[in-house]
*Asks:* 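Have a look at this one.
These numbers were taken from a predicted model, which means no experiment stands behind them.
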Amino acid sequence: QVQLAESGGGSVQAGGSLRLSCAASGYTYRTYCMAWFRQVPGKEREGLAAIWRPGGSTYLTGSVKGRFTISQDTAKSTLYLQMSNLKPEETALYYCAATRDWFGRCPLDSGDEYTFWGQGTQVTVSS
């Protein structure tokens, strides 16, 4: 099992920045992809960014390219999401996720490919 714990959420004004962290614990060996998703109540989960843990290759969805950066500290088993120029419509619960399966890429679709999930951290962006 892999346990994930997000932190770093909070309230920020539009245009501001936040850095989210996701601490992984448990049997993290052979966890190939870790990713960040967000969800607004009543809407579908949205994939934002993913990282291939062994090599560090990153994947970003189009709406956050140039504004969000995903990174990892393998020594600390921690995943990060640096977010800048945040918009009010990005107010959501942000989750990190992990999978031991390899799909040839780190998917950012529905999130169904990911097995392990954290509880989420709330990000609120005010206008």
Side-chain angles (χ1 to χ4, degrees):
Q1 287 286 1
V2 177
Q3 293 80 43
L4 303 173
E6 302 95 337
S7 61
S11 297
V12 64
Q13 289 193 328
S17 300
L18 280 175
R19 188 177 81 156
L20 305 183
S21 299
C22 173
S25 61
Y27 191 66
T28 60
Y29 180 65
R30 291 189 64 185
T31 302
Y32 287 113
C33 293
M34 292 188 71
W36 288 97
F37 289 78
R38 65 187 175 198
Q39 189 166 23
V40 176
K43 294 190 176 181
E44 290 187 356
R45 187 167 52 199
E46 179 185 11
L48 303 173
I51 192 165
W52 180 53
R53 294 189 72 241
S57 297
T58 61
Y59 306 79
L60 290 166
T61 196
S63 63
V64 304
K65 281 183 179 177
R67 300 187 300 119
F68 290 14
T69 302
I70 187 170
S71 61
Q72 64 178 347
D73 183 331
T74 55
K76 296 181 180 179
S77 295
T78 301
L79 182 73
Y80 301 100
L81 184 67
Q82 178 68 48
M83 306 184 293
S84 61
N85 195 18
L86 283 161
K87 306 172 184 179
E89 56 266 34
E90 296 182 303
T91 294
L93 194 60
Y94 284 67
Y95 298 91
C96 70
T99 179
R100 293 203 183 105
D101 296 320
W102 178 237
F103 303 92
R105 60 183 178 93
C106 288
L108 287 174
D109 306 309
S110 65
D112 291 345
E113 299 90 346
Y114 291 83
T115 308
F116 307 103
W117 291 84
Q119 294 298 308
T121 184
Q122 179 68 36
V123 172
T124 301
V125 185
S126 57
S127 56

*Asks:* Can you name the nearest heavy-atom pair linking T121 to G9, along with the distance?
*Replies:* OG1-N, 3.1 Å
*Asks:* For residues 109-121, pull every pair meeting salt bridge (Lys or Arg N to Asp or Glu O under 4.0 Å), keeping only residues two or more places apart or in separate chains.
*Replies:* R45-D112, R105-D109
*Asks:* Not counting sequence neighbours, which residues clear side chain to side chain contact (heavy atoms under 4.5 Å, CB included) with Y27? List them please.
*Replies:* Y29, R100
*Asks:* For R67, is there any backbone N or O sitting under 3.5 Å from a side-chain donor or acceptor partner on S84?
*Replies:* yes
*Asks:* If you look only at pairs with a residue in residues 64-100, which of them pass as a disulfide (SG to SG under 2.5 Å), with sequence neighbours excluded?
*Replies:* C22-C96
*Asks:* Hey, could you give me each pair passing disulfide (SG to SG under 2.5 Å) that has a residue in residues 34-80? Not counting sequence neighbours.
*Replies:* none
*Asks:* Any salt bridge (Lys or Arg N to Asp or Glu O under 4.0 Å) pairs touching residues 33-42, not counting sequence neighbours?
*Replies:* R38-E46, R38-E90
*Asks:* What's the spacing between S63 OG and K87 NZ if we round to 0.5 Å?
*Replies:* 7.5 Å
*Asks:* Kindly give the cluster partners of L48, where membership spreads through any ILVMFWY side chain lying under 4.5 Å from a current member.
*Replies:* V2, L4, V12, L18, L20, M34, W36, I51, L60, V64, F68, I70, L79, L81, M83, L86, Y94, F116, V123, V125
*Asks:* Closest approach of K43 and Q39, non-hydrogen atoms and distance?
*Replies:* O-NE2, 3.0 Å
*Asks:* Among residues two or more places apart or on two chains, list those pairs meeting disulfide (SG to SG under 2.5 Å) that have a residue in residues 36-95.
*Replies:* none
*Asks:* Provide the full list of side-chain hydrogen bond (donor to acceptor under 3.5 Å, both in side chains) pairs with a residue in residues 4-22, sequence neighbours left out, each pair given once.
*Replies:* none
*Asks:* Please collect all disulfide (SG to SG under 2.5 Å) contacts where either partner lies in residues 44-74, sequence neighbours excluded, each pair once.
*Replies:* none
*Asks:* Quick one: list whatever passes side chain to side chain contact (heavy atoms under 4.5 Å, CB included) with T99, sequence neighbours left out.
*Replies:* C33, D101, F103, Y114, T115
*Asks:* I'd like to check the ring pair (Phe, Tyr, Trp, His ring centres under 6.0 Å) partners of Y95; sequence neighbours left out, ordered by chain and number.
*Replies:* none
*Asks:* Of all heavy-atom pairs between T78 and A23, which one has the smallest distance, and what is that distance?
*Replies:* OG1-CA, 4.2 Å
*Asks:* Enter the distance from R53:CZ to S77:OG here, rounded to the nearest 0.5 Å.
*Replies:* 6.0 Å
